Protein chains: 2
Amino acid sequence: MQKYEELLVSLRKVTRAIGLYSKKLSKESGLTSPQLIVLKEIAQHNGCMVKDIAQSINLSSATVTSILDRLEARNYVIRERSLTDKRRVGLHLTEQGKTVIENAPRPLQAHFIDRFEKLQEWEQTQLVSTMQRIASMMDAEDIDAAPLLEVGTLYDVTQSE
Amino acid sequence: MQKYEELLVSLRKVTRAIGLYSKKLSKESGLTSPQLIVLKEIAQHNGCMVKDIAQSINLSSATVTSILDRLEARNYVIRERSLTDKRRVGLHLTEQGKTVIENAPRPLQAHFIDRFEKLQEWEQTQLVSTMQRIASMMDAEDIDAAPLLEVGTLYDVTQSE
DNA sequence: AAAAAATAGTTAGTATACGAATTATTAGAT
DNA sequence: ATCTAATAATTCGTATACTAACTATTTTTT
């Protein structure tokens with residue numbers, strides 16, 4: 001097996017592990033990982049837009065919309081059209097949504113996080129920079145389509161109401 | 001942002017890049033990455049079973065079945081029930097399937113592979129082992145559910161006809 | 001001010017991807 | 001020999017995830 005094939009197999013294993021963990025979460029807590037991540041994002045940035053969430057967690061708006069549909073149907077989230085700019089939709093947690101967040105398990109790979117945090121500082125850094133390197137190698141010509149994002153700097157300015 | 005969050009963001013970027021590349025491939029060549037990977041697997045192991053493919057490329061049988069449905073509908077693959085063990089289905093390429101394979105682009109991340117192969121030997125090794133390490137850290141209790149597989153040793157014994 | 005361009009979100013259509021349940025068949029236990 | 005286990009593949013239901021097309025609105029250009 002070629003080296004890059006080994007790498008891709010490992011990658012496939014990782015993404016599969018993430019997916020399986022999400023399914024498991026869903027059975028136990030009723031929420032998948034992407035749903036939890038979206039909820040947490042809204043919790044941190046109350047009133048934020050769909051687009052903001054999509055960018056900060058690296059998903060398309062369409063995907064976020066469909067996740068929101070489910071969260072809204074279950075009464076965890078409220079969509080509120082902005083009055084000043086009616087294109088925008090502000091996202092808010094319901095009381096139920098807040099409760100669910102508080103009791104929810106970590107959104108992904110709890111075991112992974114545990115293990116990761118037990119590593120030496122330099123090892124952590126090394127894993128992160130290797131992943132970032134692989135990500136940048138994958139980018140190729142899609143670079144412009146996936147603008148670098150500084151998570152955390154997106155929400156300083158209020159964007160609805 | 002925590003270190004492990006950065007790592008997960010990179011990971012999400014990588015999986016997204018893979019997905020986007022697959023979509024692009026699909027538009028250009030008519031086949032997605034998973035479809036191409038399955039085709040190549042069959043090309044290498046003519047007559048192999050659904051389960052073998054699922055294991056060697058790290059997918060569930062259900063997923064492989066649905067990929068095969070599309071490949072069969074397009075006349076790239078033939079399913080042939082084994083006579084000696086009627087549970088088994090042997091997979092074969094049609095002439096069209098063989099042609100398509102020959103002219104097909106690399107199944108994933110061509111740019112990635114290019115770049116990867118330009119790296120120094122030790123750098124390649126480092127990327128691979130880091131990915132493998134992350135994969136094993138993700139495994140946790142799913143280890144038994146994902147038995148280690150030695151790709152290439154699965155097909156020595158003929159299993160159909 | 002009217003036309004064109006940009007933006008936000010949704011919808012439609014398709015393809016992964018999974019577990020659980022189902023069907024058919026084979027292998028193993030009593 | 002028969003009843004039970006295990007195995008192989010499929011079907012079913014659900015959730016991601018994407019692009020392209022669409023609607024509604026706002027901004028920019030002319």
Side-chain angles (χ1 to χ4, degrees), chain A residues 12-13 15-28 30-38 48-55 57-74 79-91 108 142 145-146 159-160, chain B residues 12-13 15-28 30-38 48-55 57-74 79-91 108 142 145-146 159-160:
Chain A
R12 170 69 205 133
K13 282 185 184 168
T15 57
R16 189 179 200 193
I18 292 173
L20 294 179
Y21 181 71
S22 173
K23 290 256 154 58
K24 195 181 141 207
L25 256 194
S26 175
K27 270 208 305 191
E28 287 170 7
L31 290 171
T32 64
S33 298
Q35 287 167 1
L36 259 175
I37 291 169
V38 168
C48 68
M49 297 162 57
V50 173
K51 202 193 72 170
D52 295 332
I53 295 198
Q55 279 183 357
I57 65 178
N58 254 276
L59 292 173
S60 73
S61 288
T63 301
V64 174
T65 291
S66 86
I67 291 171
L68 285 172
D69 288 343
R70 264 160 245 125
L71 292 175
E72 200 180 28
R74 295 222 233 150
R79 283 194 249 223
E80 206 167 47
R81 209 105 217 174
S82 160
L83 297 178
T84 60
D85 184 343
K86 289 177 208 150
R87 291 170 304 185
R88 295 177 173 206
V89 167
L91 301 171
L108 35 146
D142 295 314
Q159 57 278 93
S160 66
Chain B
R12 169 71 204 131
K13 283 185 184 169
T15 56
R16 189 180 201 192
I18 291 174
L20 295 180
Y21 181 70
S22 172
K23 291 256 154 58
K24 195 181 141 206
L25 255 193
S26 174
K27 271 209 303 191
E28 287 170 7
L31 289 171
T32 65
S33 298
Q35 287 167 0
L36 260 175
I37 292 169
V38 167
C48 67
M49 295 162 57
V50 173
K51 202 194 72 171
D52 296 331
I53 294 198
Q55 280 183 356
I57 64 177
N58 255 276
L59 293 172
S60 73
S61 288
T63 300
V64 174
T65 291
S66 85
I67 292 171
L68 285 172
D69 288 344
R70 265 160 244 125
L71 293 175
E72 199 180 28
R74 295 222 233 149
R79 284 194 247 223
E80 207 167 48
R81 208 104 215 173
S82 161
L83 297 178
T84 59
D85 184 343
K86 289 178 209 151
R87 291 170 304 184
R88 296 179 171 203
V89 167
L91 301 170
L108 37 145
D142 295 313
Q159 59 276 90
S160 66

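In what follows, chains are A, B, ... by sequence order, proteins preceding strands, each numbered from 1. Here the structure is a predicted model, which means the values were calculated and not measured.
Looking only at distances, no side-chain donor or acceptor of R88(B) sits under 3.5 Å from a matching main-chain atom of S82(B). For R70(B) (side chain) and Q35(B) (main-chain N/O), no donor-acceptor pair under 3.5 Å exists by modelled atom type. Without hydrogens or angle criteria, S26(B) side chain to S22(B) main chain gives no donor-acceptor distance under 3.5 Å.
Out of dA17(D), dT19(D), dA20(C), the shortest distance to the side chain of A62(A) is found at dT19(D). Side-chain proximity of D85(B) to the nucleotides dT26(D), dT25(C), dA9(D) is greatest for dT25(C). Side-chain proximity of L20(A) to the nucleotides dA9(D), dG19(C), dT26(D) is greatest for dG19(C). Nearest nucleotide to the side chain of K23(B), out of dC18(D), dT25(D), dG19(C): dC18(D). In this structure, of dT10(C), dA6(D), dT19(D), it is dA6(D) that holds the atom nearest to the side chain of R87(B). Taking every side-chain heavy atom of D69(B) into account, dT11(D) is the closest of dA17(D), dA8(C), dT11(D). Here the side chain of K27(A) is nearest to one of dT10(C), dA15(C), dG19(C), namely dG19(C). For R12(B), whose side chain is taken as the heavy atoms from C-beta onward, the closest listed nucleotide among dA6(D), dA17(D), dT10(C) is dA17(D). When each of dT16(D), dT16(C), dA9(D) is scored by its nearest atom to the side-chain atoms of P34(A), the top-ranked nucleotide is dT16(D). When distances are taken from the side chain of M49(A) to each of dT26(C), dA8(C), dA15(C), the shortest belongs to dA8(C).
Sequence order on DNA chain D of the closest nucleotides to Q35(A) and R79(B) puts R79(B) first from the 5' end. Between L59(A) and K86(A), it is L59(A) whose nearest contact on DNA chain D lies nearer the 5' terminus. Residues S60(B) and S61(A) both approach DNA chain C. Their nearest nucleotides, taken by heavy-atom distance, put S61(A) toward the 5′ side. Comparing R70(B) and V50(A) against DNA chain C, the residue whose closest nucleotide sits nearer the 5' end is V50(A).
The structure places CD1 of I18(B) at 12.5 Å from NZ of K23(B), a figure rounded to the nearest 0.5 Å. Atom CG of residue D52(A) and atom CD1 of residue I57(A) lie 11.0 Å apart, to the nearest 0.5 angstrom. Atom CZ of R12(B) and atom CG of L59(A) lie 4.5 Å apart (nearest 0.5 Å).
Against the 90° criterion about 0, the sugar-base torsion of dA24(C) places it in the anti range.
Going from atom NZ of K51(A) over to atom C1' of dA6(C) covers 11 Å, rounded to whole Å. Between the CG atom of L31(A) and the P atom of dT14(D) there is a distance of 17 Å, rounded to whole Å. Rounded to an integer number of Å, the gap from CZ of R88(B) to C1' of dT25(C) is 12 Å. I37(A) has its CD1 atom 10 Å from the P atom of dT16(D), to the nearest Å. Counting to the nearest Å, the C1' atom of dT11(D) and the CG atom of L68(B) are 15 Å from each other. Summarising the geometry, the separation between CD on Q55(B) and P on dA9(D) is reported as 10 Å, rounded to the nearest angstrom. Atom CD1 in I57(B) sits roughly 8 Å away from atom P in dA17(C) (whole-Å rounding). One can place CG of L25(A) at 16 Å from P of dC18(C), the figure rounded to the nearest angstrom.
Under the Watson-Crick and G-U wobble criteria, each requiring two contacts below 3.5 Å, nucleotide dA1(D) is paired to dT30(C). For dA20(C), the paired nucleotide is dT11(D), the pair qualifying as Watson-Crick or G-U wobble because both relevant distances are below 3.5 Å.
For R81(B) and dA9(D), the shortest distance from a side-chain N or O to OP1 or OP2 is not below 4.0 Å. The side chain of T63(B) places an N or O atom within less than 4.0 Å of a non-bridging phosphate oxygen (OP1 or OP2) of dC18(C). An OP1 or OP2 oxygen of dT16(D) is reached within less than 4.0 angstrom by a side-chain nitrogen or oxygen of T32(A). Dashed line: the shortest gap from a side-chain N or O of R16(A) to OP1 or OP2 of dC18(C) is under 4.0 Å.
Of all heavy-atom pairs spanning V64(B) and V50(B), the tightest one is CG1-CG1, 3.9 Å.
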